[in-house]
Chemist: 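Sharing a structure, written as structure tokens. Questions coming.
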2 protein chains.
Amino acid sequence: MSTRDRLVATAAQLYGRFGYTGVGLKQVAAEAGVPIGSLYHFFPGGKEELAAEALRLSGQGYQLLVEGVFESAPDLVTGIRTCFDSAAEVLAASGYADACWIETVALEVASTNEPLRLVTAEIFERWIEAATRLVEAAGAVDAESARRFGIAIITGLEGAFVLSRSLRSPEPLHATGESLVAAAEAVLSARPGAGQSRAGQSRAGQPRAGKGGRR
Amino acid sequence: MSTRDRLVATAAQLYGRFGYTGVGLKQVAAEAGVPIGSLYHFFPGGKEELAAEALRLSGQGYQLLVEGVFESAPDLVTGIRTCFDSAAEVLAASGYADACWIETVALEVASTNEPLRLVTAEIFERWIEAATRLVEAAGAVDAESARRFGIAIITGLEGAFVLSRSLRSPEPLHATGESLVAAAEAVLSARPGAGQSRAGQSRAGQPRAGKGGRR
DNA sequence: GTCTATAAACCGATAGAC
DNA sequence: GTCTATCGGTTTATAGAC
């Protein structure tokens, strides 16, 4: 792993735990075992450039992770359930520390650092587009409602992360996931050619009970 | 307005824009027109005590605000719509700065400051209980699913704030609100004595069309 | 490319005069 | 209760030797 990659990786890790303003460059360099001068050699733009790079890398990482979960699920509804349930497991296993650090930084910079705000906006926009594609693949009617529900999945996940981390409980993630499952069934049953019962399959599997508990 | 109240109010304002680690006590004191010595006179616990007080005050304020919106709405579904739509208006009017600053601080302190984390947890728990009461008043079946959907309203709102602030667009708030409306109709139609069509009224009004647009 | 030293500004917190 | 000066430590960033 190159010096540069090590800096980006430890920056992502530290910004995730302490936030953007909560971590100094000296701390990042020390943790990565790199002198501060080398940091400015690779990132002449200083803290901002390093954070932008870390954000973009983590943003892509999170996207691939979630897309993988959905694509290996038999249908959209189980994809949503698996996504929120496994997020709850990972979060609890890390002592409620590792959720989505991009949202922490996004809130910190939203009104204070325009270049970094734009970086987070690009990441979120890509996530929305990816989620929209997943909903469309599940058979939702028009592009507009697919995007609308794709956004709801992202916002639900991010909001549940906040409460689950603060409360140190998986309950917000489970509850939000179940609410999105109910919404997905409603959205998908409204598509042309769908019966008015709860549906939601796109490529396999029998209709699930859907009312299910928190396992 | 007393010196003490002025400190708490400006602290809430500054922490909202720059985050907890992003604002110094000197800055708070200067903005409030108070010498730093007086700040430590009223808050011997320093930054942490001041932030805790500001969090509790703002937490109660947000709760009263949202409860007022829901209680003056004819039913749960229009309460949700009004809540998300007016939040989008307020946010846009402030240049996408004033959403919910408690979540910014909650993420910052979640893994770094246990006393403040507990303060945010208490606030979120009260919000959940308030939201649960609103859902129960709308006629949802059991206490468990009422709490589950109450949580989803809070997490949806908080998550939508993150994306709307980052993207500087009302779209995430509108999309999340519509998704919660669909989920509410599904949850409420499952209650005993309800037809299996989409419902959602609790005290007034005819059944709405429910599929409606973004106005 | 690597590393050290340092500048200039800021941080939270305290002491002590008034 | 108000206000100032200051301590010790941190921040971002740069200069310059190697």
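Everything numeric here is computed off the predicted structure, so don't read it as measured data. Values reported hereafter were calculated over all heavy atoms of this structure, with side chains retained and with hydrogens, waters and symmetry mates removed. Order of the sequence lines fixes the chain letters, A, B, ..., with proteins taken first and strands second; residue numbering starts at 1 for each chain.
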Chemist: Test Leu167(A) against Thr120(B) for side-chain contact (heavy atoms from CB on, under 4.5 Å), laying out the working first.
Modeler: CA-CA 8 Å; Leu167(A) 296 170; Thr120(B) 66; over 6 Å; no
Chemist: Which nucleotide in the list dT14(D), dG12(C), dT2(C) gets nearest to the side chain of Tyr40(A)?
Modeler: dT14(D)
Chemist: Using only side-chain N and O atoms of Thr3(B), determine if any of them is under 4.0 Å from OP1 or OP2 of dG1(D).
Modeler: no
Chemist: What is the distance, rounded to the nearest whole Å, between atom CZ of Phe18(B) and atom P of dT11(D)?
Modeler: 20 Å
Chemist: Can you tell if the side chain of Val181(B) reaches within under 4.5 Å of the side chain of Arg81(B), non-hydrogen atoms only?
Modeler: yes
Chemist: Starting at CD of Glu49(A) and ending at P of dT12(D), how long is that distance when rounded to a whole Å?
Modeler: 15 Å
Chemist: Without hydrogens or angle criteria, can the side chains of Ser111(A) and Arg165(B) be said to hold a donor-acceptor pair below 3.5 Å?
Modeler: yes
Chemist: Considering only side-chain heavy atoms of Ile36(B), which listed nucleotide, dA5(D), dT2(D), dT6(D), is closest?
Modeler: dA5(D)
Chemist: Describe the nucleic acid contact of Val28(A) in one word from base, sugar-phosphate, nothing, applying a heavy-atom distance below 4.0 Å.
Modeler: nothing
Chemist: Does any pair with a residue in residues 17-61 of chain A pass ring-ring contact (aromatic ring centres under 6.0 Å, His included), and if so which ones, sequence neighbours excluded?
Modeler: Tyr15(A)-Tyr20(A)
Chemist: Just how far, in rounded Å, is C1' of dA15(D) from NE2 of His41(A)?
Modeler: 16 Å
Chemist: Atom CZ of Phe43(A) and atom C1' of dG1(C): how far apart are they, to the nearest Å?
Modeler: 14 Å
Chemist: Could you state the CZ-P distance from Phe42(A) to dA13(D), rounded to the nearest angstrom?
Modeler: 18 Å
Chemist: Does the salt bridge (Lys or Arg N to Asp or Glu O under 4.0 Å) test come out yes or no for Arg126(B) and Glu129(B), once each step is laid out?
Modeler: CA-CA 5 Å; Arg126(B) 283 181 196 215; Glu129(B) 284 162 10; over 6 Å; no
Chemist: Tell me the interatomic distance from Leu14(B), atom CG, to dC11(C), atom P, rounded to whole angstroms.
Modeler: 11 Å
Chemist: Rounded off to whole Å, could you give me the CG-to-P distance for the Leu39(B) and dC11(C) pair?
Modeler: 13 Å
Chemist: Looking only at the side chain of Pro35(B) (C-beta and beyond, no hydrogens), which of the listed nucleotides dT4(C), dC11(C), dC3(D) gets closest?
Modeler: dC3(D)
Chemist: Could you tell me how far apart Lys26(A) (NZ) and dG9(D) (P) are, to the nearest whole angstrom?
Modeler: 13 Å
Chemist: Looking at dG1(D), I'd like to know if its phosphate oxygens (OP1 or OP2) sit under 4.0 Å from a side-chain N or O belonging to Ser38(B).
Modeler: no
Chemist: Considering only dT11(D), dT12(D), dT4(D), which nucleotide approaches the side chain of Leu25(A) most closely?
Modeler: dT12(D)
Chemist: Is Gly37(B) touching bases, backbone alone, or none of the nucleic acid, heavy atoms closer than 4.0 Å?
Modeler: base
